[in-house]
Q: 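There's a structure below that I have some questions on.
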There are 2 protein chains.
Amino acid sequence: MVTDQLSITFAALADPTRRAILARLTRGEATVKELSAPFAMSGPAISKHLRVLEHAGLISRGREAQWRPCRLEAEPMREVTEFAEEYRRFWDENYARLDSYLKTLQQKDGTDDDDQ
Amino acid sequence: MVTDQLSITFAALADPTRRAILARLTRGEATVKELSAPFAMSGPAISKHLRVLEHAGLISRGREAQWRPCRLEAEPMREVTEFAEEYRRFWDENYARLDSYLKTLQQKDGTDDDDQ
DNA sequence: CAGTTACCTCACCATTTGGTTATCTAACCT
DNA sequence: AGGTTAGATAACCAAATGGTGAGGTAACTG
């Protein structure tokens, strides 16, 4: 079993049901019932998907009476973006121009992130 | 089995060996032998990883005498980035500012991409 | 208290994944 | 032709994944 965070995140995202759940959560918190509604799938199946997402840090779960509301935690998405950005110059013909935009932004932010 | 492109791409990226192979290919083409060198893994194992990457469209393979040089095809990374970008406002406190930068860039490029 | 709702865990099953060794082809080199 | 090298394929195996149904728990509702 793979243990590094990025692998866990990618594996969690490699499923249309889980991505649909995340997409739903961009519109706000939701209960497990609400999340499972769009899918022809049993409760335990959804429960497993949610556990995968939670383990990947992509969602967190609260507790409110008999409901366990799910909330989006998109922080791992930042790592995904950072990873993919390393390959931007291999697919973006306008890389140089965008790169300069990002560099400008980074300088303003004071974030240090050198390219390779 | 999941069939959609994004799932295939994410699944391909959910393995450290395959990501290391991609990282190696950013430094240029390489043969299967060269790619397998850093790993304590049999040839067929590497061959399988390469097939996964090829199936995901992340690499392509040429033919040069007895070598089958692998080349990076990072186009699917664009889809990964586009996917993750949808979640930027959930993790980037500077989202509004960067968003305006990207919108400016998109206008110049003439690309249409509405946010949700 | 009894019943219902929301959700989880358990046990199970089929398929996929990631690795192995053994074998095969194709191309190069004497 | 014979040997070596690069690489793919086949058969196999263990473990992980994605689903199921059965059953349990916690909280609300009558």
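Note: hydrogens, waters and symmetry copies are ignored here, and every other heavy atom, side chains too, is used. None of these values were measured; they are calculated from a predicted model. Residue numbering restarts at 1 for every chain, and letters A, B, ... go by the order of the sequence lines.
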Q: Step through the shown structure and confirm whether more than 12 heavy atoms of other residues, nucleotides or ligands are within 6.0 Å of CZ on A:Arg71.
A: yes
Q: Ignoring the backbone of A:Arg51, work out which of C:dG18, D:dT20, C:dT9 is nearest its side chain.
A: C:dT9
Q: Any chance you could lay out the salt bridge (Lys or Arg N to Asp or Glu O under 4.0 Å) test for A:Arg51 and A:Glu54, step after step, and finish with the verdict?
A: CA-CA 5 Å; A:Arg51 199 142 47 87; A:Glu54 188 175 25; over 6 Å; no
Q: Starting at the 5' end of DNA chain D and moving along, which residue's nearest nucleotide shows up first, A:Ala65 or B:Leu50?
A: B:Leu50
Q: Quick check against the 3.5 Å criterion: does A:Gln5 have a side-chain atom that pairs as donor or acceptor with the backbone of A:Ala56?
A: yes
Q: Expressed in angstrom and rounded to an integer, what is the separation of B:Leu35 atom CG from D:dA8 atom P?
A: 10 Å
Q: Do the side-chain N or O atoms of B:Ser47 get closer than 4.0 angstrom to the phosphate oxygens (OP1, OP2) of D:dG7?
A: no
Q: With respect to the phosphate group of D:dG19, does any side-chain polar atom (N or O) of A:His49 fall under 4.0 Å of OP1 or OP2?
A: yes
Q: Do B:Arg68 and B:Thr31 make a side-chain contact, defined as non-hydrogen atoms from C-beta onward lying under 4.5 Å apart?
A: no
Q: Is any N or O donor-acceptor pair between the side chain of B:Lys33 and the base of D:dG7 shorter than 3.5 Å?
A: no
Q: Starting at CD1 of A:Ile8 and ending at C1' of C:dT17, how long is that distance when rounded to a whole Å?
A: 16 Å
Q: Nearest whole Å is fine: how far is C:dC8 C1' from A:Arg63 CZ?
A: 10 Å
Q: In whole Å, what is the span from the CD atom of B:Glu64 to the P atom of C:dA26?
A: 19 Å
Q: From the set C:dC28, C:dC7, D:dG18, return the single nucleotide nearest to any side-chain atom of A:Lys48.
A: D:dG18
Q: Of the listed nucleotides (C:dC10, C:dT21, C:dG18), which one gets closest to any side-chain atom of A:Pro44?
A: C:dC10
Q: For DNA chain C, whose closest nucleotide is more 5', that of B:Arg18 or that of A:Arg61?
A: A:Arg61
Q: Given 3.5 Å as the limit, does a donor-acceptor pair link the side chain of A:Tyr87 with the main chain of B:Leu72, or not?
A: no
Q: Rounded to the nearest angstrom, tell me the gap between atom CH2 in A:Trp67 and atom P in D:dC28.
A: 8 Å
Q: Any side-chain N or O of B:Thr31 under 4.0 Å from OP1/OP2 of D:dA6?
A: no
Q: For the pair made of CD1 in B:Ile46 and P in C:dG19, what is the distance, rounded to whole Å?
A: 8 Å
Q: Find the distance A:Arg68:CZ to D:dA27:C1' and express it as a whole number of Å.
A: 9 Å
Q: Output the rounded distance in Å from CE (B:Met41) to P (C:dT17).
A: 16 Å
